Amino acid sequence: MPSGRPLDRDFVAALRLLDAVDLPYAEVWRKLGPISGNLKKPRPGYSCVRRFLIEERRHKIARMALANAMLDETMRGMAPWSFLRALR
């Protein structure tokens, strides 16, 4: 896939499903081979997949941290201020 082109939405969905178990980037990229054959679309390049997964994992970690903070605040009987701050 040429650099600068957005990742196809079908590959975005597949990558999000495949990354649910936090596989190494190369393994996720290899698993896209059969998917690209079924979609009849060229598989995106390794660097494109790696960049996408790095960003996705960063977002996943941020969401988990927010959920943990909200749970902690709720368990202590406080309003979930971390969630309200995140809405701003």
Side-chain angles (χ1 to χ4, degrees):
M1 172 172 273
S3 179
R5 291 188 60 197
L7 199 55
D8 185 89
R9 65 186 175 105
D10 294 327
F11 285 119
V12 167
L15 286 170
R16 286 182 175 148
L17 287 171
L18 290 171
D19 195 43
V21 293
D22 293 329
L23 295 171
Y25 303 126
E27 185 64 27
V28 175
W29 181 73
R30 282 190 289 271
K31 288 180 181 274
L32 280 182
I35 293 170
S36 68
N38 290 340
L39 294 173
K40 295 181 177 41
K41 296 178 182 177
R43 177 175 57 175
Y46 173 78
S47 62
C48 181
V49 169
R50 187 175 184 276
R51 279 192 309 269
F52 176 80
L53 291 176
I54 288 171
E55 191 65 23
E56 280 295 303
R57 290 176 184 186
R58 189 180 66 76
H59 287 297
K60 187 188 301 184
I61 290 168
R63 285 190 303 268
M64 287 173 36
L66 178 60
N68 286 337
M70 286 175 43
L71 182 60
D72 182 53
E73 291 168 350
T74 304
M75 295 299 287
R76 289 188 288 150
M78 300 171 54
W81 294 113
S82 55
F83 176 71
L84 296 173
R85 282 190 296 272
L87 290 176
R88 290 192 286 158

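Numbers for residues simply follow the sequence, beginning at 1. Keep in mind that this is a model prediction, so the values were computed, not measured.
- Taking CE of M75 as the reference point, atom CG of L71 lies at 6.0 Å (rounded to 0.5 Å).
- Seen from the ring of W29, R50 does not count as a face-on cation partner, given the 6.0 Å and 45° thresholds.
- More than 12 non-hydrogen atoms from other residues, nucleotides or ligands lie less than 6.0 angstrom from NZ of K60.
- At most 12 non-hydrogen atoms from other residues, nucleotides or ligands lie less than 6.0 angstrom from CZ of R9.
- Note that the NZ atom of K41 and the CG atom of L32 stand 12.5 Å from one another [nearest 0.5 Å].
- When all heavy atoms are compared, the tightest approach of S36 to P42 is CB-C, 4.3 Å.
- Applying the side-chain contact (heavy atoms from CB on, under 4.5 Å) criterion to A65, with sequence neighbours excluded, gives no partner residue.
- The line from CG of L66 to CD1 of I61 is 14.0 Å long, rounded to the nearest 0.5 Å.
- The shortest non-hydrogen separation linking R57 to D19 is NH2-OD1, 2.6 Å.
- Separating the CG atom in L53 from the CZ atom in R16 is a distance of 10.5 Å, to the nearest 0.5 Å.
- At least one side-chain heavy atom of L39 sits less than 4.5 Å from a side-chain heavy atom of F11.
- In the hydrophobic cluster analysis, where Ile, Leu, Val, Met, Phe, Trp and Tyr join through side-chain heavy atoms closer than 4.5 angstrom, L7 is grouped together with Y25.
- Residues F52 and L23 are members of one and the same hydrophobic cluster, defined by side-chain heavy-atom contacts under 4.5 angstrom among Ile, Leu, Val, Met, Phe, Trp and Tyr.
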